[in-house]
Amino acid sequence: MPDEDLGRWRERIRERAERESRELPLEVLDELAFHLAEEEASVLADGLSADAARQRGLAALDAASFGELSSRRRTRHAALPSHVAGFGRDIRLALRNLRRSPGFTATALITLAIGIGANTAIFSLVHAVLLRSLPVAHADRLYKLGDAYNCCTFDTLEGNWSVFAYPFYVEVRDRASTFEEVAAMETLRPVLSVRRQTGTGAAESFSGEFVSGNYFTTLGVRTAAGRLFDAEDDRRGAAPVAVASYAAWQKAGLDASAIGAPLTINGLTVTLVGVAAPGFFGDRLDTNPPDFWLPMSAEPAFMRESSLIESPSAGWLYIVGRLKPNASPTVVQAQLTTMLRNYLRVPGHVNHPDDVQKIDAQTIRLAPGGGGNNAMQRVYQQGLYLLLAVSAAVLLIACANLANLLLVRGAARRTSIAIEIAMGASRSQILRRQLIESLVLSLAGGAAGLLTAIVMGRAILAVAFRGTPQVPIAVSPSLPILTFAFAVSVVTGVLFGAGPAWLVSRGDPADTLRGSVRMLGGEAVSQRLLVMSQAAMSLVPVTVAALLSQSLRNLDRQPVGFETDGRLVVGIDPQSAGYTQPQLAALYRRLDDRLSRVAGVTSESLALYTPQDGNFLWGARIYLENAKGPFPATWDRIGPRYFETIGTPLVRGRTIDEHDTADAPRVAVVNETFAARYFPNGNPIGHHFGKYTAGHANDFEIIGVVKDAKYVDLSQPVRPMFFVPVDQAVAYDGEIPNKIEESSRYVSSIAFAVRGDPDGMQPLIRGALADVDPNLAPRAMMSLRELVGIATSQRTLTARLSDAFGLVALLLAAIGLYGVTAYRVTRRRHEIGLRMALGATRRDIAAMVVGGACWQACVGLIAGIPLAVLAARALQSQLFGVSPFSAPVLLLSSALVGACAVVASAVPARRASALAPMDALRRD
Amino acid sequence: MDASGAIREAKKGTAELVVLSLLEDASRHGYELSKLIDERSGGALTFNFASLYATLYKLEERKWISGRWVEKAGQRRRRYYTITARGREVLAAQRHEWQRFFAVIADLTGVRYA
C-alpha cells in the first residue's frame, strides 16, 4: 500500500525547495520525507491533533535551508574501490564540462594537435634516422671497424682506418677470435643491368652490393622467400647467385617463380636464390639502398679489369663484426690495430715507400654498428635536432596559450567551484578535478596530434627524399612513437593545467559567493607573465625561420657556374652493359652521333660525371711541371662540347673537342680556382701538370680555363678542378692508379641541352639510346634544375618547416594575446566606462588596450632576444651568407611579433572603444 | 559577536562530533539521531533537520560514516548510518581536542561543568 503520508511530505519538501530554486535528488527527498513523517507520527502518538502534528512538521520545513543539500549526489553502491570510482567520476565530469564549452574545447584541441603533432612528427623522423637500430639481431654487439666516414676506394694510408682491402678482411675473419662473425661489404653501389632470362623484357637498372658470404648471418637478417647467402656461395668458382631486397622484389614485379630462376645481370647468368625480409634496407641508412646482393667471390667476374678483390692495398670494403658476448671492445680494438700494422708491414701491402714510416700511426677504432654506417645521419642530423628544438618551442607557446585559456575559464567558473568547496569538496579534490580535465584534454589533443603527425611525417619525407627511388624510412606509429606522443601529452597537460588548477582551487569561497568578484592578484600576474613568455618564445621560431629562409635565398641566388634551364642529364653504365676498354671509343662515337640527332637536342656531351649528381669521389694528388706538389684537386672526364652543353662559360683558351683523341697530345682544361691557386702569377695556358707522382708532372698541357662551377656541395666553396678528354688515358706504374684510370673511362652521364621542356625529351632519348644498344639501360633521367633542387632539398625542407613553425608560433601567440586582452577588457568595463565618462575618447581607450598588450609583448621580446640569438648560434652551420647575429633579421622578427601583438589586441580594443559609457558603468 | 552568535558557531563545530559519538556504539537513522540529540541534551541542542542531514552527507562523503537503505516488512524504508574505522579515529582525535579546549577555557574563565 503506497505510503500517503510519505508521499505528501515528499511533495511539500519539493515545493519548499523549489521556492529556494533548489532541486533535491530523489534519495534526499525520500530521507527528509521519512524524517518528517516519523516526526508527525511521533507527535500524533504523544496525543496531539493531526493538525498540530502537521503544523510542527511544516514549521520545521519552513525553518530549513536547503542550500547545502541541493546538489548532493549519492553514489550508487559501486562495486569499484572508491579511488577508481572517484577517478571515473572525475573523468566523466571532465568530459561533460568540455562538451559544454565547445568553443574552448575546439580551440584547445586544435592547438594541442598542432603542437603535439609537430613534435611527434619530427621525433619519429629523429627516431628513424638517428636513434633506431637497424632491424638486425643483436645490434648491441655489432661493431664496425672504423669510426670515421671515409669513402670509397683508397690506395693510401688512412690514419684512422675505416675502408679495407679484401685480403685484410680475410685475415680478420680467420684470425680474430673475439668475433663470432665478421662480414665485409663494399663501399660503393655498382649499377646492375638486370633482365629475367625468361621472356624478352628490356634490361632495367638496379643497384647492387658485393658482400661476404656471412653477411646476412652476421647481421641476423631473415628471409621473405627462398634463402640467403651462406659460406658456400662465397667460394671462388661457385655459381653466381644473388639475393634481392624486398623493395626491389616488389618493384620488379617478381613472384615466387623467380626464386631459383636465372637472371641476366650485366651480361652474366645469376641465379636468384632468395629475398631479404621487408624492412631490411642494408647495413646502413642510405638514400640509395641496394636492390641486389652478390657474393664477394663473384666480384672479379662482374668488375673484370676493375676488380679489386685480389689487391692487398686497395681499400674498398667496410667490415662489420659481431663480438662474442664477453669481449671488450677496447681490447679488441687494440688487437685489430696491431693486426693492421703487421699486415701493412708485409711488402707490397703499402703503395708508397714514404708511407712505411707512418705505419705505426695507423689505427683502427671500433664503433657501434647497430645504427648502420651513416652518411644520411650526418646530413640530416643537424637539421633534425634543430627542428625538434623549434617544435618544442612551439609546443611551449601552445601550453602558455592553453594555460591562459584555462585561467580565464577558471575565473568564469569561480562561483560553481566556490559552491563545491562550501559543500565539502576539499581543495585537493578540486585540484584533482582540474588536473584531470587538463589531462583529458591533452590526451585527446595528443590522439589528434598523432594523426596530424602521420600526415606531417609523410609530407616531410616526400620533400626530404625527393628524387630518390626508395624511401628507406617508414613513418608509421610504432611503440617508441606512441610512447613519445603519450608522454608529451601528459607533460603538456600537467604543464598547462597545474598552474591554473592550483590558482582556481585557492581563493575563499565566501568572498566569491558574496558577489562582486575582483580578479585574484595571482591570476592577473600569471596571465601577464604567460603573455610575455609567449612573446619571448615565439621570437625563437620566427628568427630561426627568417635566418634559414634567408640562407636558402642566398643559396638559390648564388651563381652555380652552369645553366639549369633546358638541361637534362641521363645516367648510363657501359660497364654493366658489358663494354670493355677497347670498345669504349667506338661506343662513344656512336652515342655522340646518334644522340646529337635527337629532335629538340641542341647539344649533347658525355662525361664521367656532371654537376650535382652525387659524385664526390674523383679526387687526386697532382704535381705541377716544376715538380712542385703534391696538391689536391678533383677531376672529371668529358667529351667534346661539354662546357657548352652544361652552360659553363669559357674564360680563356679553348675547350676539349673532337680532335683530342687517344693519339693526340694529352690536354686538360682547368677551372678558375685551379688557375688562381696553382698559377697565381699569370696565364696557366701552356703549362703542364700530372696525377699521382712527380714523374708524371708533365702529362697534361693546360689548354683552357673555365668558370668555377659547383659540382658537389652548393654551400661549400669550389675546389680546384681539372677536366681531361674521355679518350685520353695515362699508363701509371702502380696497380691502383691504373685501375682508377681504367674505371674512369667508363662515363656515367650524358648531358643534354634541349629546346623546350627537358622532361618531355625523355622518351625520345630513351629510344635513341636503345638504338645504339638496348642493353644500355638509362640509370636515371633528370633535369639539372631538379638535381639542384634535390641537392638543396634538405636545406629547403628545414627552411620550409621552420617557416611553418614560425607561422604557427605567431598564430598561437596571437590567439593567446587576443584571448587575454579580450578577457581583461571584459573585466575592466567599469573602469573603461568611468574613463569615458571623465572625457576619454574612443581613441584613447583603444590606445590604452593596444598599448597594454604591446608593452607586455615588448617586455617579452626583450627577454626573448637572447634566446633567439642562442638559437641562431646553434644553427650556425646551416646558415649560408647570413650571420647568426644579423641585426636586420632580429629586428624583422621582433617587428613581426610586435605587429602580431598589435593585430591581436585590435579587436578587443575596438570593442572596448565601442562601449557605451552608461552601459559600462551600470553593469558591474 | 554576541553570546548567541558564539554558541551558534560552537554548535557548527560540534555537530560532527555529536553525530559521530552517537553512532559510536550503534547504527542509526537520521530521525533517530535527531531524537537522541534532543533527549540527551535536554532540548538545549537542536538541529534544524536539513542541517542535520547536510552534516550526515558531509560525513558520508568523507567516509567517516557509511549509509545504506534498509527495508523491512511493515516498515518504512529508512537509511541507516554506521561509523567507519576512519570515523572512529577522527572521533577519538576530535574528542581529545575538545577536552583540551575546554580545559583551557575553564582555566581562563573559571567555567566549571558538572
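Naming convention: chains lettered A, B, ... in sequence-line order (proteins, then strands); numbering from 1 in each chain.
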Looking only at heavy atoms, which of residues 22-32 of chain B get nearer than 4.5 Å to chain A? B:H29, B:G30, B:Y31
Below 4.5 Å from any heavy atom of chain A, which atoms of B:S34 appear? Answer side chain, backbone, both or neither. side chain
Who passes ring pair (Phe, Tyr, Trp, His ring centres under 6.0 Å) against A:F496, sequence neighbours left out? none
Polar side-chain atom of A:R12 near backbone of A:G7 as donor-acceptor pair, under 3.5 Å: no
side-chain contact (heavy atoms from CB on, under 4.5 Å) with A:L93: which residues, sequence neighbours excluded? A:R96, A:N97, A:R433
Would a distance-only check, ignoring hydrogens and angles, find a side-chain to backbone donor-acceptor pair under 3.5 Å from A:S442 to A:S489? yes
On the 0 to 90° scale, with breaks at 30° and 60°, tag the A:H35-B:F49 ring pair as parallel, tilted or perpendicular. tilted
Would you mind checking which part of A:L61 comes under 4.5 Å of any heavy atom in chain B, side chain (CB onward), backbone (N, CA, C, O), both or neither? both
Are A:E15 and A:R10 close enough for a salt bridge, meaning some N to O gap below 4.0 Å? no
Side-chain polar contacts of residues 42-57 of chain A - donor-acceptor pairs under 3.5 angstrom, sequence neighbours left out - could you list them?
residue: A:S49; atom: OG; partner: A:A52; partner atom: N; Å: 3.0
residue: A:D51; atom: OD1; partner: A:R54; partner atom: NH2; Å: 2.6

